[in-house]
Amino acid sequence: NILRAWGAEDPGLRDEAIGAIDRESRRMARLCSDLLSVIRSEEMVEFRSVRYDINGVCREVLANAATRYLDKRFEFTGPEEGPLWLYGEPDRIEEALGILVDNACKYTPEGGRISVTTRRRRERVIVRVADTGVGIPAEDLPNVFERFYRSDLSRSKDTGGFGLGLAIAKHIIDKSEGVVTVESTVGSGTVFEVSLPRRKAEA
């Protein structure tokens, strides 16, 4: 519309319009991808349950994040060497943890730290995703897993999110008989803790 109204002869105007089209196209592509993830999660009535190494999944998630955010020079810390076995749907858990790590990267300043650690707690496995980011205000914490919810603090940053990622992650974790909680301090960082059952659920 801008080009039609003002003409495409002005190079500056043309480049500005092309940039706006490119940004909006990318934004819509991300929104479509997020919405498809919601649909796919809801259609997955039963998750498969196979034995897998959660430490290996965590390291893969961190490796992918390190590649995507190379320019931000983050310090990434993963779980201890060696496997930690449990039963579940590794691909979907990797997706959920990927969302949590990506969220940490988006809201952590350049040069910050993102860590993923694991441990056993009786018959469950605890995965802890921590960052040194801007944090989440206390009044927003009860709502962060709601669809399309974004706090004023997150809206003020150019993160490109739609408030769907954490909702998708929670849905996957819930379907996996898990629990996800969040603690945060503005200016200090955020910790997401995921608790997953270790053994295959009995029918």
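Computed from a prediction, not measured in an experiment: that's the story for all the values here.
With sequence neighbours left out, the side-chain hydrogen bond (donor to acceptor under 3.5 Å, both in side chains) criterion links Ser195 to Arg124. Residues satisfying the side-chain hydrogen bond (donor to acceptor under 3.5 Å, both in side chains) criterion with Glu123, sequence neighbours excluded, are Arg199. Remark: Asp174 pairs with Lys170 by the side chain to side chain contact (heavy atoms under 4.5 Å, CB included) rule, at least two apart or across chains. Residues forming a side-chain hydrogen bond (donor to acceptor under 3.5 Å, both in side chains) with Glu80 (at least two apart in sequence, or on another chain): none. For Glu110, the salt bridge (charged side-chain N to carboxylate O under 4.0 Å, His left out) partners at least two apart in sequence or on another chain are Arg73. Considering only residues two or more places apart in sequence or on other chains, Ser115 meets the side-chain hydrogen bond (donor to acceptor under 3.5 Å, both in side chains) condition with none of them. By the side chain to side chain contact (heavy atoms under 4.5 Å, CB included) test, Arg122 pairs with no residue at all, sequence neighbours left out. Annotation: ring-ring contact (aromatic ring centres under 6.0 Å, His included) contacts of Phe74 (sequence neighbours excluded): Phe76. Partners of Pro83 under the side chain to side chain contact (heavy atoms under 4.5 Å, CB included) rule, at least two apart in sequence or in another chain, are Asp53, Trp85. Listed by chain and residue number, Leu84, Arg198 satisfy the side chain to side chain contact (heavy atoms under 4.5 Å, CB included) test with Arg120 (two or more places apart in sequence, or in another chain).
The hydrophobic clustering, which links ILVMFWY residues whose side-chain heavy atoms are closer than 4.5 Å, places Leu100 and Leu141 together. When hydrophobic clusters are built by joining Ile, Leu, Val, Met, Phe, Trp and Tyr residues whose side-chain heavy atoms come closer than 4.5 Å, directly or via intermediates, Val116 is not grouped with Val179.
The minimum heavy-atom distance between Val194 and Leu97, with the atom names listed, is CG2-CD2, 4.4 Å.
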Check: residues 128-137 side-chain donor-acceptor pairs under 3.5 Å, at least two apart:
| unit_1 | atom_1 | unit_2 | atom_2 | d |
| --- | --- | --- | --- | --- |
| Asp131 | OD1 | Gly133 | N | 2.8 |
| Asp131 | OD1 | Thr190 | N | 3.1 |
| Thr132 | OG1 | Arg113 | N | 2.9 |

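Note that CG of Asn103 is 9.0 Å distant from CD1 of Ile99, once rounded to the nearest 0.5 Å.
Within the structure, every pair that satisfies the side chain to side chain donor-acceptor pair (under 3.5 Å) test and touches residues 60-72, not counting sequence neighbours, is listed here: Arg68-Asp102, Tyr69-Asp102.
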